[in-house]
Amino acid sequence: MELFSSARSLVQQHEPDRPVTCLRPEMANRAATYFKNRFPGKILYAVKANPRLEIIDSIYNAGINHFEIASLSEAELLYGRYPECHLAYMHPIKSRGSIKNAYFKYGVRDFALDSVDELNKILVSTDYAEDLNLFVRLAVPNDYAEFNLSQKFGASPAKVAHILSCIRPVSKKIGICFHVGSQCMSPSSFSSALKTVGQIIRSSGLILDIIDVGGGFPSIYPNLAPPPLDAYLDEIRTIKERIPVINKCEIWAEPGRALVAEGASTLVRVDHRKEDHLYINDGTYGSLFDAGFPGFVFPVKPIRKAGNFSASLSPYSLFGPTCDGLDYMKGPFILPEDMKEGDYIEIGQTGAYGCTMRTRFNGFYSDRTVILSDLPILSMYQRSSHEWQLVGG
Ligand SMILES: Cc1ncc(COP(=O)(O)O)c(C=O)c1O
């Protein structure tokens, strides 16, 4: 794959006509190393956030060989790359065929569920295997998250206690898992969920082997600057040590976004300007889904092949290339006031749920990918890169 020192250098050498996914695998490695060194337990990478092999390899090379999967194709991908790795199938609702193949073909032993019906499905599909590790998904408040997952998955504390008593006789290890919602802006979400887990353990009288605190660890965006990641890990460590029934358990986490957001950006070109609207060649049906309805404001860096930008900045909204009005990114994206057709924009933090969600809608699809060796526009792992506001020419 082609390597460039920066998106600017890519523009100067190639003036790409289509959007380009700019990978920074080293940044995924840096994030994975951070979690591996500081999280008080086991880290499983949530593959859905970015299943590119360059990214998976960089996380694996940081010493993480546990992966959270949500589908059989993710199991196949991981098993094909790292046959000895540990796969946990934590999607609470699975087809019988995928449970069967995950167990018999890809060696998966860890499964999540949030109902007795799903438990029966898992037991039948694995021929009543005796080496299963089962996790009950607890629904927890997602109040501080940008993406709420608790309406779709999870059982109430009373139901979790009941399901735990059903899985105890048929599982080797048992656990509770939860998800505080993606891009969770408050560390307190993790401590309140853990307190609920403590209450369930005490009232059920069952001994749990594992508590899986899920994903939700945030990345940083211009309109969403969370507390430092240390605050999240400290909160989890403190609560674990304070509640004896939790302290006895192994702790797992399944970060996705926080590991890979900085692992890619997208280079786009401005094809038209109408006042404060820039029409660019990628959009919400491409790698910028989160900038659409979810309203994320991605960090941006303007690039002009020749000549300088004005030092004055203006707020812009963006339109993607398709014919759909939903292909709109409100922003505001702060860029030089003299942006014009032919200018490029590096859009940061598209490593998580970005390039992975591209569609072929209207025929606009670009899989051109390069590797960049410079630092991301914004970082959770290098707070001084808040210099994103100082746009360069
Ligand atoms: C079960 C599970 N684990 C982990 C994740 C990763 O979450 P995040 O990217 O917010 O860290 C998700 C995301 O949807 C999930 O559903």
Side-chain angles (χ1 to χ4, degrees), residues 1-25 27-28 49-55 260-274 277-293 296-307 309 316-331 333 335-336 338-374 376-377 391-393:
M1 194 178 296
E2 291 169 287
L3 176 71
F4 294 88
S5 56
S6 64
R8 156 171 294 281
S9 145
L10 167 61
V11 168
Q12 272 161 349
Q13 292 177 50
H14 292 275
E15 286 185 81
D17 199 41
R18 295 181 299 149
V20 184
T21 298
C22 302
L23 294 179
R24 289 188 177 89
M27 297 302 112
N50 192 327
R52 282 200 72 106
L53 287 179
E54 297 87 345
I55 295 289
V260 296
E262 297 171 21
S265 59
T266 303
L267 180 70
V268 301
R269 190 186 55 207
V270 177
D271 283 337
H272 188 67
R273 173 173 179 175
K274 256 189 213 171
H277 288 106
L278 300 178
Y279 291 67
I280 58 173
N281 60 354
D282 199 12
T284 63
Y285 293 94
S287 57
L288 304 172
F289 177 85
D290 283 352
F293 171 66
F296 277 47
V297 179
F298 289 112
V300 285
K301 189 194 266 183
I303 301 169
R304 182 169 280 172
K305 189 169 183 239
F309 283 110
Y316 292 92
S317 295
L318 306 175
F319 278 115
T322 70
C323 59
D324 193 335
L326 285 177
D327 199 356
Y328 170 62
M329 296 149 277
K330 184 162 183 271
F333 298 93
L335 288 159
D338 59 347
M339 291 294 294
K340 59 177 196 220
E341 189 215 332
D343 288 337
Y344 286 84
I345 307 171
E346 182 188 349
I347 302 184
Q349 314 303 57
T350 57
Y353 308 107
C355 19
T356 253
M357 288 174 61
R358 286 169 303 174
T359 73
R360 293 185 185 272
F361 182 43
N362 272 205
F364 294 105
Y365 181 80
S366 169
D367 56 4
R368 181 160 184 208
T369 306
V370 302
I371 292 186
L372 300 186
S373 57
D374 63 348
I377 307 173
V391 289

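One is the number of the first residue; the rest follow in order along the sequence. A quick note: this is a predicted structure, and the numbers were derived from the prediction, not measured.
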To the nearest 0.5 Å, what is the distance between CZ (Arg52) and CG (Leu23)?
-> 5.0 Å
For residues Pro302 and Asp343, determine if any side-chain heavy atom of one lies less than 4.5 Å from a side-chain heavy atom of the other.
-> no
So which heavy atom on Met1 is nearest to which on Glu54, and how close?
-> CE-OE2, 2.8 Å
Give the minimum heavy-atom separation between Phe296 and Phe333, together with the two atoms involved.
-> O-CZ, 4.2 Å
Got a sec, which residues hit side-chain hydrogen bond (donor to acceptor under 3.5 Å, both in side chains) with Thr359, two or more places apart in sequence or on another chain?
-> none
Quick one: closest heavy-atom pair of Thr356 and Pro51, and the distance?
-> OG1-CD, 2.7 Å
Identify all side-chain donor-acceptor contacts of residues 344-353 below 3.5 Å with residues at least two apart in sequence or on another chain.
from, atom 1, to, atom 2, distance (Å)
Tyr344, OH, Glu15, O, 3.2
Tyr344, OH, Pro16, O, 2.8
Glu346, OE2, Arg24, NH1, 3.2
Glu346, OE2, Arg24, NH2, 2.9
Glu346, OE2, Ser265, OG, 2.7
Gln349, NE2, Ser219, OG, 3.3
Gln349, NE2, Ile220, O, 2.8
Thr350, OG1, Ala264, O, 3.4
Thr350, OG1, Thr266, N, 3.4
Thr350, OG1, Thr266, OG1, 3.0

Arg304 and Lys340: side-chain contact (heavy atoms from CB on, under 4.5 Å), yes or no, with the steps?
-> CA-CA 9 Å; Arg304 182 169 280 172; Lys340 59 177 196 220; 3.6 Å; yes
Are the side chain of Ser6 and the backbone N or O of Asp374 linked by a donor-acceptor pair below 3.5 Å?
-> no
Value for CG (Asp282) from CZ (Arg18), rounded to nearest 0.5 Å, stands at 11.5 Å
Verify, without hydrogens or angle tests, whether Asn362 (side chain) and Cys323 (backbone) share a donor-acceptor contact under 3.5 angstrom.
-> yes
If you measure from CZ on Arg360 to CG on Asp367, what distance do you get to the nearest 0.5 Å?
-> 7.0 Å
Leu10 CG to Ile303 CD1 distance, which is reported to the nearest 0.5 Å | 8.0 Å
Looking only at heavy atoms, what is the nearest atom pair of Leu326 and Asp324, with distance?
-> N-OD1, 2.8 Å
Search all heavy atoms of Leu267 against all heavy atoms of Cys22 and return the closest pair with its distance.
-> CB-SG, 4.1 Å
Report yes or no: does Ser287 contribute a side-chain atom to a donor-acceptor pair with the main-chain N or O of Cys355 at less than 3.5 Å?
-> no
Flag, side chain of Asp327 to backbone of Thr322, donor-acceptor distance under 3.5 Å = yes
Does atom OH of Tyr365 have more than 12 heavy-atom neighbours, drawn from other residues, nucleotides or ligands, at distances under 6.0 Å?
-> yes
Rounded to the nearest 0.5 Å, what's the gap from CZ on Arg269 to CG on Leu278? Could you check?
-> 13.5 Å
Between atom CZ of Arg368 and atom OG1 of Thr21, what is the distance when rounded to the nearest 0.5 Å?
-> 10.5 Å
Can you check whether Pro336's main-chain N or O pairs, donor with acceptor, with Tyr316's side chain at less than 3.5 Å?
-> yes
Test log, rule side-chain contact (heavy atoms from CB on, under 4.5 Å), inputs Phe298 and Asp290 | CA-CA 9 Å; Phe298 289 112; Asp290 283 352; 3.8 Å; yes
Between Met329 and Gly320, which heavy-atom pair has the shortest distance, and what is it?
-> CE-N, 3.5 Å
Measure up the His14 and Phe4 rings against each other and bin them: parallel (under 30°), tilted (30 to 60°), perpendicular (over 60°).
-> perpendicular
Please assess Ile280 against Leu288 for the test side-chain contact (heavy atoms from CB on, under 4.5 Å), listing each intermediate value before the final yes or no.
-> CA-CA 11 Å; Ile280 58 173; Leu288 304 172; 3.9 Å; yes
What do you reckon, are the aromatic ring centroids of Tyr279 and Phe319 less than 6.0 Å apart?
-> yes
What do you reckon, is CZ of Phe289 surrounded by more than 12 foreign heavy atoms closer than 6.0 Å?
-> no
Check: Arg358 side chain, Ser366 main-chain N or O, donor-acceptor pair, under 3.5 Å | yes
